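The block underneath contains the structure these notes are about, expressed in structure tokens.
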Amino acid sequence: MKSTFRALRVYNYRLWFVGFTVSNLGVWMARTAQDWIVLTELTDYDAAAVGLSMALQFAPILLLAPLAGLAADTIDRRRLLVVTQTVMGTLCLALGVLYLTGLVTLWMVYAFSLLLGIASAFDGTARQSFVTELVSRELTTNAIGLNGTSFTLARLIGPALAGLLTAVLGAGWVFTISCITFAATIVAIGAMRREELNLAPPAPPARARTRAGLVHLLADPDLKIVFLSVFVFGTLGMNFPIFIATMAGVEFGLGVSEFGLLSSVVAIGSVTGAL
């Protein structure tokens, strides 16, 4: 087990792991509350509306990936992460206020999903590449694995917590509370020891860099298999929120607490696998 968590011996990575986990907790809380209000409050159990909300949230991650990679190469990743986390937190706060004041509508949730997806596209790319600046090359693989553990751990806890809080306090307060969690990553970045970071100098902007990455991808058969596998699985196999929400609300007549718990159970295998 010591080797499993060896990257946590690095001070900066420990800060990052805690902040990253808390922020991801907020993401999953917001997503769970959002799916539930779209299904049960803003529509009459319309699964297609939940699917559209998900598509608006995740499509930018696919479409903007090359641009996000270019940004992570040319902009200080710490500053980029502070900006993206601030934007995501602000969006959650805005949606929470709209819900609490009774002004939220379905198109507003769609807009929130799209903007959150755009911010997530740049945040995710910067987050993954930032790992190389936190630990040595020998610990990079372990740190990436622990990043996956952090993500799935938040996915395990976040939906269940969101379901409970939505039942007790309401979805508006879930969005508002999730806004606060994004400060964890910002605080962690600010508290890091700069002299211990393996800072990579930002590369000068170059239009050909994205094209070079695509050429490299097409020339490497192993990478093509990985990308194709992720594309197929992500498109056809990662639609759990739609299935779980409709099964909980429509088929079994359950409430938001049970929906959150069902959403969390999905992540148990992911946490085990990441470790």
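This is a predicted model, so every value here is computed, not measured.
Separation of atoms CZ (Arg137) and CG (Leu139) is listed at 12.0 Å; rounding is to 0.5 Å. Note that CG of Leu106 is 8.0 Å distant from CG of Leu52, once rounded to the nearest 0.5 Å. For the atom pair OG1 of Thr86 and CD1 of Ile186, the computed distance is 3.5 Å after rounding to the nearest 0.5 Å. How far CZ of Arg155 is from CZ of Arg31: 9.5 Å, rounded to the nearest 0.5 Å. Taking CG of Leu15 as the reference point, atom CG of Leu134 lies at 9.5 Å (rounded to 0.5 Å). How far OG1 of Thr105 is from CE of Met108: 4.0 Å, rounded to the nearest 0.5 Å.
Nearest heavy-atom pair across Ser23 and Gln85 is OG-OE1, 3.2 Å. Taking every heavy atom of both residues into account, Ser178 and Gly26 meet most closely at CB-O, 3.3 Å. What you find for Ala121 and Ile61 is that their closest heavy atoms are CB-CA, 3.7 Å. In terms of heavy atoms, Gly172 sits closest to Tyr99 at N-CD2, 3.2 Å. Val104 and Val109 make their closest contact through CG2-CG2, 3.9 Å (heavy atoms, listed as atom of the first residue, atom of the second, distance). In terms of heavy-atom proximity, Val135 sits nearest to Asn198 at O-ND2, 2.9 Å.
Between Asn147 and Val131, some side-chain heavy-atom pair lies under the 4.5 Å cut-off. Side-chain atoms of Met88 and Ser120, non-hydrogen and from C-beta on, do get closer than 4.5 Å to each other. For the pair Leu161/Trp28, no side-chain contact is recorded, criterion being any heavy-atom separation below 4.5 Å from C-beta on. No side-chain heavy atom of Phe130 sits under 4.5 Å from any side-chain heavy atom of Phe20. Here the side chains of Phe122 and Val87 are not in contact, with every heavy-atom distance at 4.5 Å or above. In this structure, the side chains of Arg127 and Thr84 stay at 4.5 Å or more apart for every pair of heavy atoms.
For the residue pair Ser113/Ser53, the side-chain donor-acceptor check at 3.5 Å is satisfied. For the residue pair Glu251 and Thr246, no side-chain donor N or O sits within less than 3.5 Å of a side-chain acceptor on the partner.
Between the side chain of Thr185 and the main chain of Phe182, no donor-acceptor pair closer than 3.5 Å is present. Checking side-chain atoms of Thr43 against main-chain N and O of Val38 turns up a donor-acceptor pair under 3.5 Å. Looking at Ser150, its side chain never comes within 3.5 Å of a backbone N or O of Leu146 through a donor-acceptor pair. Between the Ser264 side chain and the Ala160 main chain, a donor and an acceptor come within less than 3.5 Å of each other. Not a single donor-acceptor pair under 3.5 Å links the side chain of Asn24 to the backbone N or O of Ala154. Under the 3.5 Å distance criterion, the side-chain polar atoms of Thr181 are left unmatched by any main-chain donor or acceptor of Ile177. Remark: the backbone N or O of Ala126 is not paired with any side-chain donor or acceptor of Arg77 at under 3.5 angstrom.
Cluster annotation: Val215 is not connected to Ile225 through the hydrophobic network of ILVMFWY side chains, with a link wherever side-chain heavy atoms come within less than 4.5 Å. Taking hydrophobic clusters as Ile, Leu, Val, Met, Phe, Trp and Tyr residues chained together by side-chain heavy-atom distances below 4.5 Å, Val22 does not share a cluster with Met192. In the hydrophobic clustering of this structure, Leu63 does not group with Leu228; members are Ile, Leu, Val, Met, Phe, Trp, Tyr whose side-chain heavy atoms approach within less than 4.5 Å, directly or through other members. Hydrophobic cluster membership is shared by Leu218 and Phe227, with clusters built from Ile, Leu, Val, Met, Phe, Trp and Tyr side chains linked at under 4.5 angstrom. Residues Leu95 and Val97 are members of separate hydrophobic clusters, defined by side-chain heavy-atom contacts under 4.5 angstrom among Ile, Leu, Val, Met, Phe, Trp and Tyr.
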Exercise for review: Decide yes or no on side chain to side chain contact (heavy atoms under 4.5 Å, CB included) for Leu115 and Tyr110, but give the supporting numbers first.
Suggested key: CA-CA 9 Å; Leu115 293 173; Tyr110 286 157; over 6 Å; no

**Study point:** Working for side chain to side chain contact (heavy atoms under 4.5 Å, CB included), residues Arg6 and Glu138
**Key:** CA-CA 10 Å; Arg6 59 187 181 278; Glu138 294 75 21; over 6 Å; no

Exercise for review: Verify side chain to side chain contact (heavy atoms under 4.5 Å, CB included) between Gln34 and Phe175, making sure each step is shown before the conclusion.
Suggested key: CA-CA 8 Å; Gln34 173 191 312; Phe175 293 125; 4.2 Å; yes

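Within a 6.0 Å sphere centred on OH of Tyr11, other residues, nucleotides and ligands contribute more than 12 heavy atoms.
Relative orientation of the Phe259 and Trp36 rings is parallel, given thresholds of 30° and 60° on the angle between their planes. Between Tyr13 and Phe17, the two ring planes are tilted [angle within 30° to 60°].
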